[in-house]
Number of protein chains: 2
Amino acid sequence: MPEISHAIGIGELARRTGCQPETVRYYERIELLENTLRTEGGQRRYDERAVRRLTFIRHARDFGFSVDAVRELLAMSDQPDMSCQEVDAVAKHHLEEVESRLQRLSALRDELRRMVSQCDGGKVESCRIIEVLSDHQLCISETAHKGAHDFG
Amino acid sequence: MPEISHAIGIGELARRTGCQPETVRYYERIELLENTLRTEGGQRRYDERAVRRLTFIRHARDFGFSVDAVRELLAMSDQPDMSCQEVDAVAKHHLEEVESRLQRLSALRDELRRMVSQCDGGKVESCRIIEVLSDHQLCISETAHKGAHDFG
DNA sequence: CTTGAACCTGTAGTTGCTACAGGGATTATG
DNA sequence: CATAATCCCTGTAGCAACTACAGGTTCAAG
């Protein structure tokens with residue numbers, strides 16, 4: 001057993017950052033985390049710096065930042081003397097995206113509510129939900145067909 | 001040229017339903033659309049029924065229903081005499097999901113707004129955005145780490 | 001008959017992980 | 001020291017719902 005003091009295994013790193021070992025290995029593979037020390041037997045060992053970095057990553061992901069955005073944020077956070085304008089820009093851009101998704105999602109909710117409320121529990125033949133979905137005149141698809149699964 | 005009257009090609013079907021030929025072929029592959037007639041040369045030809053079915057599918061997708069949900073809805077809409085209780089259940093379930101996503105997304109927006117508003121444009125060193133992301137005490141990850149990318 | 005647009009199949013890429021299979025390493029216990 | 005339990009390794013494949021080719025064929029118009 002090589003002398004790597006204060007070093008933890010991938011399992012504890014994962015536990016302490018609220019993710020899974022597979023995710024850590026995945027982050028290493030896509031170079032979001034750098035290669036770390038290994039024991040003689042080839043097992044990964046991490047220090048506190050790694051814990052902090054992964055914590056940052058997980059928080060940013062929880063905030064909905066894409067992996068690419070996280071990469072940028074990490075690069076910036078490594079340059080303490082830089083102006084944080086760019087950080088701000090990344091965050092604002094993300095906020096805008098979230099706001100636009102929110103708008104579309106809430107429009108969708110309204111449509112769904114209307115649809116559901118008009119169903120009278122009769123037969124499929126005359127079901128308002130089926131009708132709405134079949135309707136050729138519906139306009140939602142025109143505004144949304146470019147990013148349908150971007151709602152959710 | 002075989003006699004297939006009133007038949008359209010995959011391109012026009014796609015155009016009329018607001019999607020792409022690749023998507024139509026994809027739907028056929030996953031058996032959301034059934035195999036259709038082919039010309040002698042092997043090209044697909046569609047009729048009005050196919051247009052209606054694909055319209056239905058696209059609308060349901062635009063409403064955010066999963067492909068599996070669409071499959072169910074399609075099966076139901078093929079049984080006009082059935083009670084539409086099940087249709088209603090699928091739609092309501094989906095509405096609930098949308099509403100819960102909305103809630104999480106708007107909580108996220110609030111967090112992001114707060115974060116962005118606290119950035120004073122100074123240096124990265126003291127950037128509030130970076131600080132928030134680095135913070136070990138943050139609780140959002142506890143509520144969200146199970147479904148982070150389920151926000152959007 | 002020739003041209004050009006539309007179409008074909010099959011495969012791989014996208015995003016961000018997650019889930020194995022089939023092994024090896026480490027650690028705790030007897 | 002032996003063994004068992006637990007951890008860890010690599011590599012690959014899967015998820016959702018498409019999208020994007022490459023490399024070739026067919027169709028419809030002139």
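Throughout, protein chains are lettered first and strands after them, A, B, ... in sequence-line order, and every chain is numbered starting at 1.
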**Q.** Which residue lies more 5' along DNA chain D, comparing B:F65 with A:I10 via nearest heavy atoms
**A.**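 Its nearest nucleotide being more 5', the pick is A:I10.
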
Q | Pairwise 5' ranking along DNA chain D for A:P21 and B:T23, keeping only the more 5' one | A | A:P21

For [X] versus [Y], what's the shortest heavy-atom pair and its separation?
X: B:T17; Y: B:R58; answer: O-CG, 3.6 Å
X: A:E34; Y: A:E28; answer: O-CG, 4.4 Å
X: B:E131; Y: B:S126; answer: OE2-O, 3.8 Å

Q: Starting at atom CZ of B:R38, determine the distance to atom P of D:dT25, rounded to an integer number of angstrom.
A: 16 Å

Q: Residues of residues 24-34 of chain A with any non-hydrogen atom less than 4.0 angstrom from an atom of DNA chain C: list those, numerically ordered, please.
A: A:Y26, A:Y27

Q) Measuring from A:L95:CG to B:M115:CE, what's the distance to the nearest 0.5 Å? A) 8.5 Å

Q | From CG (A:L102) to CZ (B:R104), nearest 0.5 Å | A | 12.0 Å

With a 4.0 Å limit, can you tell me whether [X] has a side-chain N or O closer than that to the phosphate oxygens OP1/OP2 of [N]?
X: B:Q43; N: D:dT25; result: no
X: B:T39; N: D:dC27; result: yes
X: B:R44; N: D:dC27; result: no

Q) What's the verdict on salt bridge (charged side-chain N to carboxylate O under 4.0 Å, His left out) for A:R16 and A:E48, showing C-alpha distance, side-chain angles and the deciding distance? A) CA-CA 11 Å; A:R16 285 176 57 180; A:E48 285 303 314; 3.1 Å; yes

